[in-house]
Amino acid sequence: MKDRRQRAVEWTVGALSGVLVLCLILFLGHEAVFGEVQPARLVVSIAEIEPMDGGTMVTVTVMNQGDKAAAAVTVNASLKEATAPDKQIEFDYIAAHAVRRGAFLFPHPVNHTVLDIQIGGFTEL
């Protein structure tokens, strides 16, 4: 009697597991065929401005809010003063829904009001 009940429980658990696996496969297949994939959508922001010996370090955060990865992402920093040269950082790879950080180093004091940060370009994977 106990052996029969144990086999019934095993078959029930096995059947439920099989149904769950089948549902998961169907869901993933449906998403692969019909799911919308958003292109890479990069957003850059200033995370921190920190004075250092002999200059200022400006830390930036780049978020990829899209469903595709981006490669060779360039971030440009320029001062609103025409005399200062532009600076650039390149991130090799930013995965979908990922966040990467980098820093610009300036040889003089810098604040939010004189700084312009923007995405220069990227390639989509």
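The residues of the chain are indexed from 1 along the displayed sequence.
M52 places a side-chain heavy atom less than 4.5 Å from the side chain of L105. Contact of the E48 side chain with the V58 side chain is not registered, since no non-hydrogen atoms from C-beta on lie closer than 4.5 Å. Two residues are said to be in side-chain contact when any heavy atoms from C-beta on lie closer than 4.5 Å; T59 and R101 meet this criterion. Using a 4.5 Å cut-off on side-chain heavy atoms (C-beta onward), L115 and F106 make contact.
V114 is connected to F104 through a chain of hydrophobic side-chain contacts under 4.5 Å among Ile, Leu, Val, Met, Phe, Trp and Tyr, so both are in one cluster. Two different hydrophobic clusters hold V99 and L42 under the rule that ILVMFWY side chains link at heavy-atom gaps under 4.5 Å. Both I89 and I46 belong to a single network of hydrophobic side chains, linked directly or stepwise wherever heavy atoms of I, L, V, M, F, W or Y lie under 4.5 Å apart.
Considering CG of L79 and NE2 of H108, their distance stands at 5.5 Å, rounded to 0.5 Å. The CD1 atom of I49 lies 11.0 Å from the CE atom of M57; values are rounded to the nearest 0.5 Å. Interatomic distance, CD1 of I119 versus OG1 of T74, reported as 7.0 Å (0.5 Å rounding). The line from CD1 of I117 to NE2 of H112 is 9.0 Å long, rounded to the nearest 0.5 Å.
Side-chain N/O atoms of Q88 and N76 include a donor and acceptor closer than 3.5 Å.
In this structure a side-chain-to-backbone donor-acceptor pair under 3.5 Å is present from N64 to R41. Checked by atom type and distance alone, the side chain of E124 pairs as donor or acceptor with a backbone atom of A40 at under 3.5 Å. Between the D67 side chain and the Q38 main chain, a donor and an acceptor come within less than 3.5 Å of each other.
The two residues T56 and P109 come nearest to each other via the heavy atoms OG1-CA, 3.2 Å.
In terms of the side chain to side chain contact (heavy atoms under 4.5 Å, CB included) criterion, residue partners of A69 (sequence neighbours excluded) are, by chain and number, Y93, L125.
Among L28, L22, L24, the single residue meeting the side-chain contact (heavy atoms from CB on, under 4.5 Å) criterion with L26 is L22.
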